[in-house]
Amino acid sequence: MKIATYNINGMNARLPVLLRWLAETKPDVVCLQELKAPQEKFPEKELLDAGYNAIWHGQKSWNGVAILTNGKVIRQVRNELPGDENDDQSRYIEAIVDQKRIGCLYLPNGNPAPGPKFDYKLRWFERLKAHAAYLLAEELPVILAGDFNVIPTEMDAYKPERWLKDALFLPETRAAFQELMDQGWTDALRKLHPDETIYTFWDYFRNAYGRNAGLRIDHFLLSPSISGSLIASGVDSQVRGWEKTSDHAPVWIELKDDSL
DNA sequence: ATGACTTTTTGTAAAAGA
């Protein structure tokens, strides 16, 4: 079973790229972030024609998340992160697919830091940690996938010294991510590629992709009950080189099919 | 170090992204 996460940076602007990537790589489940489209502007029909069911939580202009499946039944569990009823940003959606619970998240960027946006990021992180702890106690195996807007270590930025004061790499951000990981989650990309340079985002500026000046900020977290099923993981970085593409590339994992 | 792109909008300049 192949599961992917992709910050699409504009669902409708990116639809041709998305459909080409789906046709070429045929993931079973896809978590999308940054739809940048309201609920009613989601291209449901085009995806159905491509063989994908979808649930989504849109928002005008910004944010927006979705989960797609290649014909599999999706049971939506929630479409927002618990813990703040005044938070109206569409950054979380969760579903059960194939006896697995899948949380698709778009953690706030947090820049400029310090400031209210960074405060919101840290508050959102606290809510995520609380919900992640709750999920670990649930019956089904859990996968948390998405754009975490966290550079976990110096390995994950092409020039980490330039990111020291950035909300993606500040000590508070890295500490929050580490506290989440310490609940028992497995970083699926790092687990199988401990020493590799892995990037999932390249700025549109200054030919960042051509120079491989990237960041690793999109992540897959696996609960203990499913981490043993991980057999492969990677980044479809070639998609970042396509025309009219997102500044992120799709990230994927392959799980051993335990339903045999 | 910055913001050289790119997207969105009761749009045409400003905000956001990372």
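All of these numbers come straight from a predicted model, not from anything done at the bench.
- One finds no side-chain N or O of A:Lys36 lying less than 4.0 angstrom from the OP1 or OP2 phosphate oxygen of B:dT9.
- Not one side-chain nitrogen or oxygen of A:Tyr158 sits closer than 4.0 Å to the OP1 or OP2 atom of B:dA18.
- Between A:Asn9 and B:dT7, a side-chain N or O to OP1/OP2 separation shorter than 4.0 Å is absent.
- Annotation: B:dT12 and B:dT8 have their C1' atoms spaced 12 Å apart (nearest Å).
- When the options A:Ile143, A:Thr186, A:Ile253 are evaluated for a side chain to side chain contact (heavy atoms under 4.5 Å, CB included) with A:Ile226, the one that passes is A:Ile143.
- Nucleotides B:dA14 and B:dT2, compared at atom P, are 22 Å apart to the nearest Å.
- Note: CZ (A:Arg211) to C1' (B:dC5) measures 13 Å, nearest angstrom.
- When rounded to the nearest whole Å, the span between CZ of A:Phe148 and P of B:dG17 equals 18 Å.
- B:dT6 atom P lies 11 Å from atom CG of A:Asn207, rounded to whole Å.
- A:Glu126 and A:Arg123 are not joined by a salt bridge, as no carboxylate oxygen comes within less than 4.0 angstrom of a charged side-chain nitrogen.
- Applying the 6.0 Å contact sphere to CD of A:Glu40 captures more than 12 heavy atoms from other residues, nucleotides or ligands.
- Between B:dC5 and B:dT10, the two P atoms lie 26 Å apart (nearest whole Å).
- Closest-nucleotide positions on DNA chain B for A:Tyr204 and A:Asp147 were compared, and the one nearer the 5' end corresponds to A:Tyr204.
- Between A:Arg14 and B:dT7 there is a side-chain N or O to OP1 or OP2 distance below 4.0 Å.
- Residue A:His248 places at least one side-chain N or O under 4.0 Å from the OP1 or OP2 atom of B:dA18.
- Here B:dA18 is the nucleotide among B:dA18, B:dT2, B:dT7 with the atom lying nearest to any side-chain atom of A:Asn7.
- In this structure, a donor-acceptor pair under 3.5 Å is present between the side chains of A:Tyr120 and A:Asp87.
- When heavy atoms are screened at a 4.0 angstrom cut-off, A:Phe169 is found touching no nucleic acid atom at all.
- Closest to the side chain of A:Lys117, out of B:dT6, B:dA16, B:dT8, is B:dA16.
- In this structure, A:Asp203 places its CG atom 17 Å from P of B:dA16, rounding to the nearest Å.
- A distance of about 34 Å separates the P atoms of B:dA13 and B:dA1, rounded to the whole Å.
- Salt bridge annotation for A:Asp187-A:Arg216: present, with a cationic side-chain nitrogen under 4.0 angstrom from a carboxylate oxygen.
- For the C1' atoms, the distance from B:dT7 to B:dG11 is 13 Å, rounded to whole Å.
- You'll find that the side chain of A:Phe205 is closest to B:dC5, out of B:dG17, B:dC5, B:dA18.
- Ranking B:dG17, B:dC5, B:dT7 by closeness to the A:Glu34 side chain, first place goes to B:dG17.
- For the ring pair (Phe, Tyr, Trp, His ring centres under 6.0 Å) criterion with A:His219, the lone passing option out of A:Tyr106, A:Trp185, A:Phe177 is A:Phe177.
- Within 4.0 Å (heavy atoms only), A:Asn149 reaches sugar-phosphate atoms of the nucleic acid but no base atom.
- With hydrogens and angles left out, the side chain of A:Asn109 and the base of B:dA18 share a donor-acceptor pair within 3.5 Å.
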